[in-house]
Amino acid sequence: LRAEDRFRPSPSLLANGAVSGISVPIQWKYGPLGVLGAHAAARREFSPDDLNFLQGVANVVAAAIERRRAEESQGRLVAILE
C-alpha cells in the first residue's frame, strides 16, 4: 500500500499495519453503491480466487441492500394505500 500510486491509502489502514489490499466495487442495477476491501498486515499478492470471492461477497451485499430498499418502498406504498 505504501507504494501505491493510483490512489492514496487511508491513513487508518496504514496506522493499523495494513500492507497489502484488494478492493472491489459494490454494484447494483442503478450504479455503484460503494467499495468492499480486504487488507493484510503481511505483504502478499491476492489471487484471482481471492478477487472472485470478494466480488461474490460484494454481490451479496448489493443484493441485500437492493432487497431492503424494495421492502422499504413496498412498506411506504402500503402505508399510503391504507
Side-chain angles (χ1 to χ4, degrees):
L1 287 174
R2 293 189 190 282
E4 180 58 62
D5 60 0
R6 295 171 295 171
F7 58 88
R8 189 173 50 208
S10 161
S12 68
L13 279 176
L14 298 175
N16 285 293
V19 175
S20 297
I22 184 172
S23 299
V24 296
I26 301 172
Q27 293 273 105
W28 74 320
K29 61 185 173 185
Y30 300 112
L33 289 168
V35 176
L36 180 64
H39 299 85
R43 182 176 166 81
R44 64 166 291 192
E45 288 193 26
F46 291 90
S47 71
D49 287 340
D50 295 326
L51 179 62
N52 289 332
F53 175 79
L54 195 61
Q55 188 63 66
V57 173
N59 293 343
V60 169
V61 169
I65 292 169
E66 186 170 358
R67 180 180 173 147
R68 177 65 183 230
R69 287 181 176 179
E71 290 171 349
E72 289 172 353
S73 292
Q74 183 180 20
R76 286 191 297 274
L77 288 173
V78 168
I80 289 170
L81 295 174
E82 289 180 334

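Bear in mind that the values here come from a model prediction, so they are computed numbers and not experimental data.
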Discussion item. Between Val24 and Ile65, is there shared hydrophobic-cluster membership here, with clusters defined by ILVMFWY side-chain heavy atoms closer than 4.5 Å?
Written reply: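 Yes, Val24 connects to Ile65 through the hydrophobic network.
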Say you draw a straight line from [atom1] of [X] to [atom2] of [Y]; how long is it, rounded to the nearest 0.5 Å?
X     : Y     : atom1 : atom2 : value
Gln27 : Lys29 : CD    : NZ    : 14.0 Å
Leu54 : Ile22 : CG    : CD1   : 5.5 Å
Leu14 : Arg8  : CG    : CZ    : 10.5 Å

Practice prompt. Not counting sequence neighbours, list each pair that qualifies as a ring-ring contact (aromatic ring centres under 6.0 Å, His included) and has a residue in residues 25-66.
Written response: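 Only Trp28-Tyr30 qualify under ring-ring contact (aromatic ring centres under 6.0 Å, His included).
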Discussion item. Quick check: closest heavy atoms across Val35 and Ser23, and the distance to 0.1 Å?
Written reply: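 Scanning both residues completely, I find the closest heavy atoms to be CG1-CB, 3.7 Å.
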Item to complete: Mind listing the closest non-hydrogen atom pair of Ala62 and Ile26 along with its distance?
Response: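 Of all heavy-atom pairs spanning Ala62 and Ile26, the closest is CB-CG2, 3.8 Å.
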For [Y], is there any backbone N or O sitting under 3.5 Å from a side-chain donor or acceptor partner on [X]?
X     : Y     : answer
Gln55 : Pro25 : yes
Asn52 : Asp49 : no
Ser20 : Arg44 : yes

Worksheet item: If you draw a 6.0 Å radius around CD in Glu71, do more than 12 non-hydrogen atoms from other residues or ligands fall strictly inside?
Response: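 Yes, CD of Glu71 has more than 12 neighbouring heavy atoms, counting only those of other groups under 6.0 Å.
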Practice prompt. Look at atom CD of Glu72 and say whether more than 12 heavy atoms of other residues, nucleotides or ligands are closer to it than 6.0 Å.
Written response: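 Counting other residues, nucleotides and ligands, CD of Glu72 exceeds 12 neighbours.
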